[in-house]
Q: 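Quick one: the structure is below, questions incoming.
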Amino acid sequence: MGGCFSKPKPVEVKIEVVIPEKERSKEEMSPNGKASPLIYKVNGTARHYHLEEHPIASNPYHNPKDVVEASVCHVKDLENGQMREVDLGCGKALLIKESGEFYAMGHKCPHYGAPLVKGVLSKGRVRCPWHGACFNISTGDIEDFPGLDSLPRFQVKIEKEKVYIRASKQALQTQRRTKMMAKCISLSNYNLSSTNVLIIGAGAAGLVCAETLRQEGFSDRIVMCTMDRHLPYDRPKLSKSMDSHPEQIALRPKEFFRTYDIEVLTEMQVAAVDIKNKIAVFKDGFKMEYNKLLIATGNTPKALSCKGKEVENVFNIRTPEDANRVVKLATSKNVVIVGASFLGMEVAAYLAERAHSVSLVELEEVPFKKFFGERVGRAVMKMFENHRVKFYMQTEVSELREQENKLKEVVLKSGKVLRADVCVVGIGAVPATGFLKQSGINIDSKGFIVVNKMMQTNIPGVFAAGDTVMFPLALRNNKKVNVPHWQMAHMHGRIAALNMLAHGTEISTIPYLWTAMFGKSIRYAGHGEGFDDVVIQGDLDELKFVAFYTKSDEVVAVASMNYDPIVSKVAEVLAAGRTIRKRDVELFVRHGKYVQFWVSNPHGSVGLTEGSLSPLLGPHLQFLHGDADYDHVLVLQPRLASLWAMMMCWVVELAGAMLGEAHARQGTAAICPLQSPGAQTCQDGMPAIWLNSSSP
């Protein structure tokens, strides 16, 4: 990728800031319309770089023909905390009003194109309703993952009480923006076997680490190495879209790595790390010196240990070639999948309409029982059975039989013999850390690398990220956990990069994952390990539900199907550090389809309107009704009724502001179900929040 010819010398490294032409003006602008200085640390020295200034009122785009300006609404059309998708004629934008200010940016999540207007607005950012990525409404920058790109930001102005948006036509079409990055233009000062940053692993964690370094102005050499033959790609698609070719699921094109001097060594395996001399030793004997090291090697799939395990046409899905080969061999054939893991279930769903038969073998009684609970697991299992997937539960594979060295039958310990032309193994994975056993890096009994909140190991300058680490999860009181999710790997990589640059940034993100099967998705946020109960609202048979996972009296995770954006809403509540109590969600699950509420006090009834609530609750609740003419009752959408319970203390805080502190206490309320507003106060003189169950 970049030329490296000699040992590095103590020279001044120049920086070239590469900005896509269409984004240059937007990156240059600070909120007051003046160009902001860029501060980069180069070789340990802080240096300031100023881009050319031009005021926001002048032409901010280099190509006037690429600009569109349109009136999109009246200033009173949006209340604080509201979002609206608006059409500028040649593309759409997301218009947001928060704290009296208007903001405009791209309306689709750059990850998979979700409509952000259906997401969650909270504290200056929008969270995607599908997979939880978060974007700053002032800058459009991505703040939580998955995905790599940010959103384009558009100019907003108010004239004669009308809201105008000025935008790049090209940005309206692409709906994405690659953040400004530095690049090193002095690679000739390095020899082949020396780098400043070495990243072992080229998955999401490794790539985000490299990109973050460049975004923060890091200008020295970055080398990524991977056992894979491909540049970084969207690994979750291997089981969700199995016939995808490598170039279709690439996270970045080859040109990107060349442009920003991120070198990728493919089909290169590190065999050992000498932490004393800061040297990585590769399997072929090649050695590379480093200054900072990130270990992001991920997991290694577990293999079957039964008789006949070496027979042909038995696969672990690890590469695009594996997935493509399975699809080809499985078409109109008999498939056996071992393991009802996420991978196993997704592969079964993908092959169900392509194969002659799909059989799934699992040791547990119900798929996903440990993760989603028995009731949700059975609902998912029923969906699979309706698509002709046959389950063989509470058993294992004892033998793989072959004919002419190709798989013919799978024999179960129960005695059942299954016809099989292809077998996919999805029985879990182990951390790929065997090469570190003699390194001195702290590894636990299961092989996971132990890191702190800054993704740093016990060795200075050595960081680890992704599926291979145990890290402190703020959501669970900094308990050390392993969270092998795509979103979390992104954030690990970013935190590691920031702390390589001595930013002192600690990880605090909420885990978020999704699985896709038969065109339906289960979304999940939090960390439910060790949950002791599940509170479910909705209809499991109809696959329209939300499940709250509790440990003692606290909600620790949530999952949903066909209930968007409830999981993103809960993720925002948890991200704000608020605790959701089991008793709160149970209360609302017990009530009817709609919930009506009134707030009353000794001095007369007080109506709460959508406008009065939105500054506090707007980011978390969507109201079906609520206007100036109907301000004594608010009707919540049924799927959001349980969420209202999470916000109850917020309502009382607001009621306190409206009624006077003498009549309200933060975090307390009298909840009076199945009654009409009659009595004005509770026994202790507190304002009463009345709930009434009714039919639509």
Side-chain angles (χ1 to χ4, degrees), residues 16-38 49-78 82-98 100-111 113-117 119 121 124-126 135-142 147-181 215 253 255-256 259:
E16 177 181 334
V17 180
V18 181
I19 313 171
E21 192 70 17
K22 63 180 181 297
E23 299 297 332
R24 187 182 302 271
S25 60
K26 287 179 282 184
E27 289 287 356
E28 293 169 5
M29 294 300 164
S30 63
N32 63 6
K34 298 295 183 180
S36 301
L38 304 177
Y49 295 83
H50 288 264
L51 299 174
E52 180 185 358
E53 293 192 16
H54 22 189
I56 215 166
S58 67
N59 179 10
Y61 299 100
H62 291 272
N63 182 7
K65 294 182 179 180
D66 183 45
V67 178
V68 62
E69 183 174 302
S71 170
V72 294
C73 70
H74 191 276
V75 290
K76 295 182 179 179
D77 288 346
L78 263 69
Q82 289 186 332
M83 301 185 289
R84 176 180 292 186
E85 204 173 82
V86 294
D87 197 334
L88 278 71
C90 57
K92 294 181 179 180
L94 183 67
L95 181 65
I96 301 165
K97 186 176 183 182
E98 187 170 78
E101 297 290 332
F102 285 91
Y103 305 87
M105 60 186 189
H107 73 103
K108 288 184 178 181
C109 179
H111 180 226
L116 293 175
V117 71
L121 173 63
R125 69 180 189 178
V126 175
F135 303 91
N136 186 294
I137 65 173
S138 296
T139 64
D141 287 350
I142 188 168
L148 298 172
D149 285 327
S150 297
L151 292 169
R153 178 174 60 93
F154 307 128
Q155 294 181 7
V156 180
K157 67 178 181 179
I158 310 297
E159 286 186 1
K160 298 180 180 180
E161 297 193 320
K162 289 186 177 181
V163 181
Y164 289 84
I165 294 178
R166 182 178 175 84
S168 158
K169 295 178 182 178
Q170 187 172 359
L172 287 171
Q173 293 299 312
T174 61
Q175 291 291 317
R176 64 178 63 237
R177 169 177 59 87
T178 300
K179 292 179 71 174
M180 180 174 60
M181 298 189 196
Q215 291 163 6
E255 294 73 20
F256 175 90
T259 299

Q: Rounded to the nearest 0.5 Å, what's the gap from CD on Q173 to SG on C90? Could you check?
A: 6.5 Å

Q: Is there a donor-acceptor pair closer than 3.5 Å between any side-chain N or O of R176 and the backbone N or O of P110?
A: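 The answer is yes, because a donor-acceptor pair under 3.5 Å joins these two groups.
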
Q: I need the E85 CD to K92 NZ distance, nearest 0.5 Å.
A: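 Taking CD in E85 and NZ in K92, the distance rounds to 4.5 Å.
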
Q: Main chain of K65, side chain of K169: is a donor-acceptor contact present, judged purely on distance under 3.5 Å?
A: yes

Q: To the closest 0.5 Å, what do you measure between OG (S150) and CZ (F135)?
A: 7.0 Å

Q: Is R166 reaching over with its side chain to a backbone N or O of V67, donor-acceptor style, under 3.5 angstrom?
A: no

Q: On a heavy-atom basis, which atom in F102 and which in K97 lie closest, and how many Å separate them?
A: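 Closest pair (atom of F102, atom of K97, distance): CZ-CD, 3.7 Å.
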
Q: Test M83 against I96 for side chain to side chain contact (heavy atoms under 4.5 Å, CB included), laying out the working first.
A: CA-CA 4 Å; M83 301 185 289; I96 301 165; 3.9 Å; yes

Q: Could you check L88 against F154 for side chain to side chain contact (heavy atoms under 4.5 Å, CB included), going step by step and ending with a plain yes or no?
A: CA-CA 11 Å; L88 278 71; F154 307 128; 6.0 Å; no

Q: Testing V156, L95, L94 one by one against M105 for a side-chain contact (heavy atoms from CB on, under 4.5 Å), which residue passes?
A: L94

Q: So L151 and V126, do their side chains get closer than 4.5 Å, heavy atoms only?
A: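 No; the side chains remain at least 4.5 Å from each other.
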
Q: Under 4.5 Å between any side-chain heavy atoms of M181 and F256, yes or no?
A: yes

Q: I need the single residue from T139, D141, D149 that forms a side chain to side chain donor-acceptor pair (under 3.5 Å) with R177. Which is it?
A: D141

Q: Minimum heavy-atom separation for A93 to L172, with atom names?
A: CB-CD2, 4.3 Å

Q: Given side chain to side chain contact (heavy atoms under 4.5 Å, CB included), test E69 with K157 step by step and report yes or no.
A: CA-CA 10 Å; E69 183 174 302; K157 67 178 181 179; 2.9 Å; yes

Q: Under a 3.5 Å distance rule, please check whether E161 uses its side chain to pair with a backbone N or O of V75 as donor and acceptor.
A: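 Not confirmed, E161 side chain does not pair with V75 backbone.
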
Q: When you measure from the side chain of K108 to the backbone of Q175, do you find a donor-acceptor pair of N or O atoms at a distance under 3.5 Å?
A: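 It does not hold such a pair.
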
Q: Would you compute the distance between atom CD of Q215 and atom NZ of K179 and round it to the nearest 0.5 angstrom?
A: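 These two atoms lie 4.5 Å from each other.
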
Q: So D77 and V163, do their side chains get closer than 4.5 Å, heavy atoms only?
A: no

